2 protein chains.
Amino acid sequence: MSNRKPVITLENPTVEKAAEFIKEALSKRKAVILVGNCWVDYKGRASSKLEPGERIVMIKEDGSVLVHRPFGYEPVNWQPAGCLFQTSARGETLQVRASRKNPSESVKISFDKVFLLSSMSLIDRGEFSLHASESDMQRAILFDPSLLEEGFKPISYEKKVEPGFVDVYGVDREGRLVVVEIKRRTAGRDAALQLAKYVNFVKTVTHRELRGVLVAPRLAKGVQTLLTRLGLEFKSLEPKKCADILRRSETLKLVDFFEKKQP
Amino acid sequence: MSNRKPVITLENPTVEKAAEFIKEALSKRKAVILVGNCWVDYKGRASSKLEPGERIVMIKEDGSVLVHRPFGYEPVNWQPAGCLFQTSARGETLQVRASRKNPSESVKISFDKVFLLSSMSLIDRGEFSLHASESDMQRAILFDPSLLEEGFKPISYEKKVEPGFVDVYGVDREGRLVVVEIKRRTAGRDAALQLAKYVNFVKTVTHRELRGVLVAPRLAKGVQTLLTRLGLEFKSLEPKKCADILRRSETLKLVDFFEKKQP
DNA sequence: TGCTAAATCTCGAAC
DNA sequence: GTTCGAGGTTTAGCA
């Protein structure tokens with residue numbers, strides 16, 4: 001066992017003790033958790049005021065700050081990574097100010113009571129992998145183009161056109177060009193319009209016959225009508241199915257690898 | 001002083017102690033903070049795997065869960081409010097599973113070491129107010145239409161048209177119809193296209209002369225060209241200025257109120 | 001409930 | 001640096 005002590009905790013510290021503790025921790029690039037009664041002022045891209053209440057404040061080693069109320073997924077106030085901190089005890093209040101430039105903004109958090117104060121150096125090199133993202137769907141279609149339709153042949157992907165990027169670009173069995181727009185969930189009006197934009201652009205640079213296909217698990221209400229009006233098509237495809245196919249393709253590669261290595 | 005003890009803390013608890021403590025806390029609808037070495041599996045709209053590492057886990061009283069790595073604003077895994085929890089100690093691992101229906105998904109967090117475990121009942125009724133949002137800009141223009149231009153008269157706002165909602169809709173001093181699209185920050189190509197969409201629609205239902213004005217603090221590069229090509233206009237307006245005007249209008253109302261109350 | 005658009009969106013990649 | 005688009009986006013508002 002290691003005798004590393006990654007977390008140091010104070011319960012109900014005075015405002016002065018808390019300020020010292022936080023300064024020390026931040027100077028060592030540790031993360032800090034603060035629980036107590038506080039109020040918050042934010043000025044920057046917008047401005048906000050949060051009246052007093054009991055909250056959880058998290059300061060991370062990269063200089064990001066989160067103020068969490070006891071409910072809800074989102075922090076009520078925050079600041080992204082890269083902040084500089086000023087911590088002080090002024091009379092009965094502990095004040096932590098996090099500021100950054102570009103955009104210039106700052107969050108001032110004031111406590112009149114701290115229930116819990118912890119500092120910690122956390123070691124986290126664990127890999128994070130997410131499956132069934134839009135790019136997984138794209139890769140699955142490139143790996144197995146019949147997911148789109150029999151006879152489809154991809155030419156390129158993430159192809160730059162004037163208005164943006166075409167997800168997948170290819171030729172169908174009849175030799176017609178196909179522009180494919182992929183969405184990982186129910187596709188709305190915006191997806192149809194985005195595809196139309198790309199198709200219209202490609203029309204200006206080619207005289208070949210051209211199809212536009214929107215790939216998504218399903219369409220929002222009214223979007224099929226819009227697609228039809230725009231002369232576009234819809235192909236239903238589940239992101240999970242794509243993730244499965246990719247997983248299988250990885251397995252195949254592994255099998256391949258071992259067959260080569262151990263003949 | 002109150003003798004309420006809102007926070008209870010354990011340092012380096014065993015897996016069994018931790019499981020008991022968490023079950024107890026969640027049954028009382030308390031919030032829980034866990035710091036330790038953990039790995040996470042998520043299955044639901046997508047699926048993800050997070051390899052072991054030291055992280056901060058927050059479970060709130062409304063059943064939301066956040067897994068935070070020691071860096072970055074965003075949680076690496078999470079679950080929104082309304083989850084049900086299963087907590088267990090299995091051999092050397094503490095397992096917390098948060099699941100919900102609609103969409104059906106679950107996050108499984110497994111710890112093999114807990115550094116810090118706290119439960120807390122936080123009281124937070126503080127009011128939160130945010131200024132300088134897009135709707136503040138809209139309200140400011142409705143309150144003082146000369147922010148757009150002298151002689152502008154709003155007719156309606158959030159008006160539904162086929163492609164979406166027109167932010168503000170009015171008449172200029174020459175009697176021409178004006179469609180206004182508001183952005184609270186640098187407006188990009190998409191904002192210009194959105195405005196064009198609305199203007200084009202309104203053109204199909206009226207024969208009156210029609211202007212489209214994009215209101216934003218500034219334009220992204222190349223967007224002025226696009227606007228000109230589309231026959232649209234740009235009016236620079238700072239969200240802060242709008243917030244100030246709204247604040248002043250609130251003050252005016254207060255002044256009004258007191259003058260009526262105390263003649 | 002479903003859909004639309006905003007957000008102090010954040011984050012990453014590409015130019 | 002700016003711009004663009006994805007996100008397990010979340011959240012709020014409205015039909």
Side-chain angles (χ1 to χ4, degrees), chain A residues 40-48 64-67 72-82 98 100 102-107 128 130-138 158 160 163-167 181-191 193-194 218-223 239-240 243, chain B residues 40 42-48 64 66-67 71-81 100 102-107 128 130-138 158 160-167 181-191 194 218-223 239-240 243:
Chain A
V40 186
D41 283 282
Y42 159 71
K43 284 194 197 317
R45 289 165 289 178
S47 57
S48 72
S64 49
V65 190
L66 305 163
V67 181
Y73 159 82
E74 289 188 327
V76 59
N77 281 111
W78 71 91
Q79 209 53 223
R100 63 165 178 156
N102 210 339
S104 162
E105 45 185 7
S106 81
V107 168
F128 177 71
L130 178 69
H131 304 288
S133 63
E134 181 175 311
S135 71
D136 284 333
M137 293 180 73
Q138 190 188 83
E158 294 301 326
K160 177 96 183 84
F165 294 86
V166 170
D167 287 341
E181 173 66 27
I182 301 171
K183 293 292 163 197
R184 66 170 307 285
R185 21 172 236 173
T186 307
R189 207 165 297 238
D190 55 339
L193 292 171
Q194 198 175 337
R218 67 202 64 80
L219 293 179
K221 203 169 20 172
V223 178
K240 283 232 169 146
Chain B
V40 186
Y42 158 72
K43 283 194 198 317
R45 286 166 291 177
S47 57
S48 72
S64 50
L66 305 164
V67 181
F71 42 83
Y73 160 84
E74 291 185 325
V76 59
N77 281 110
W78 71 92
Q79 207 56 223
R100 63 164 179 158
N102 210 334
S104 162
E105 45 185 7
S106 83
V107 167
F128 177 71
L130 178 70
H131 305 287
S133 64
E134 181 174 311
S135 72
D136 283 332
M137 292 180 72
Q138 192 188 81
E158 294 302 324
K160 178 97 182 86
V161 295
E162 169 49 30
F165 294 86
V166 170
D167 287 342
E181 174 65 28
I182 301 171
K183 293 293 164 197
R184 66 172 307 287
R185 23 172 233 172
T186 306
R189 205 161 303 211
D190 55 338
Q194 200 177 337
R218 67 202 65 80
L219 294 179
K221 207 170 17 179
V223 177
K240 284 232 168 146

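Numbers restart at 1 for each chain; the letters A, B, ... are given by sequence-line order, proteins then strands. As the structure is a prediction and not an experimental result, all values here were calculated from the model. All values below were derived from every heavy atom in this structure, side-chain atoms included, with hydrogens, water molecules and symmetry-related copies excluded.
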For a quick check of understanding: with a heavy-atom distance under 4.0 Å over all strands, which category does [X] fall into, base, sugar-phosphate or nothing?
X	result
K183(B)	sugar-phosphate
R185(B)	sugar-phosphate
G222(B)	nothing
S133(A)	sugar-phosphate
G164(B)	sugar-phosphate

Specify the separation, in whole Å, of atom [atom1] of [X] and atom [atom2] of [N].
X	N	atom1	atom2	value
W78(B)	dT11(D)	CH2	C1'	14 Å
E158(A)	dA6(D)	CD	C1'	10 Å
L130(A)	dG7(D)	CG	P	8 Å
M137(A)	dG7(D)	CE	C1'	14 Å
Q79(B)	dG8(D)	CD	C1'	9 Å
D190(B)	dT2(D)	CG	P	17 Å
Y73(A)	dG8(D)	OH	P	9 Å
E105(B)	dG7(D)	CD	C1'	13 Å

Answer yes or no: does atom CZ of R185(B) have more than 12 heavy-atom neighbours from other residues, nucleotides or ligands under 6.0 Å?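 For R185(B), atom CZ is not crowded (no more than 12 foreign heavy atoms under 6.0 Å).
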Checking the side chain of R184(A) only, and the main-chain atoms of D136(A) only, is there a donor and an acceptor separated by less than 3.5 Å?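 Pair absent, no side-chain N/O of R184(A) close to backbone of D136(A).
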Indicate yes or no for a side-chain donor-acceptor contact from Q138(A) to the backbone of D167(A) under 3.5 Å, with no hydrogens or angles considered.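 Pair found, side chain donor or acceptor close to backbone of D167(A).
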Name the residue closer to the 5' end of DNA chain C, choosing between G72(B) and V76(A) according to the nucleotide with the nearest heavy atom.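 Comparing both residues, the 5'-ward one is V76(A).
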Please check the phosphate of dG8(D) (OP1 and OP2 only) for any side-chain N or O of R184(A) closer than 4.0 Å. no
Please compare N102(A) and I182(A) by the position of their nearest nucleotide in DNA chain D and report the one closer to 5'.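 In this pair, the answer is N102(A).
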Go through the steps to decide whether S48(A) and F128(B) satisfy the test side chain to side chain contact (heavy atoms under 4.5 Å, CB included), and finish with yes or no. CA-CA 7 Å; S48(A) 72; F128(B) 177 71; 3.6 Å; yes
Using a 5.5 Å cut-off between ring centres and planes within 30 degrees, is F165(A) stacked on the base of dG5(D)?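 It does not: the two rings, one from F165(A) and one from dG5(D), miss the stacking criterion.
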Contact summary for [X] and [Y], nearest pair of heavy atoms:
X	Y	answer
E105(A)	G44(A)	CB-CA, 3.3 Å
V223(B)	A187(B)	CG2-O, 3.8 Å
G188(B)	A220(B)	CA-CB, 4.0 Å
G82(A)	R100(A)	O-CB, 4.2 Å

For the side chain of N77(B) and the base of dG8(D), is some donor closer than 3.5 Å to an acceptor across the two?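 Counting by modelled atom types and ignoring angles, a donor-acceptor contact under 3.5 Å is found here.
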Please state the P separation for the pair dG8(D) and dA5(C) - nearest whole angstrom.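 Each nucleotide's P atom is 22 Å from the other's.
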When the P atoms of dT4(C) and dT8(C) are considered, how many whole Å apart are they? 22 Å
Nucleotides bounding contact with chain A, strand DNA chain C, heavy-atom threshold 4.0 Å: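 Range of nucleotides within reach of chain A: dC3(C) to dT10(C).
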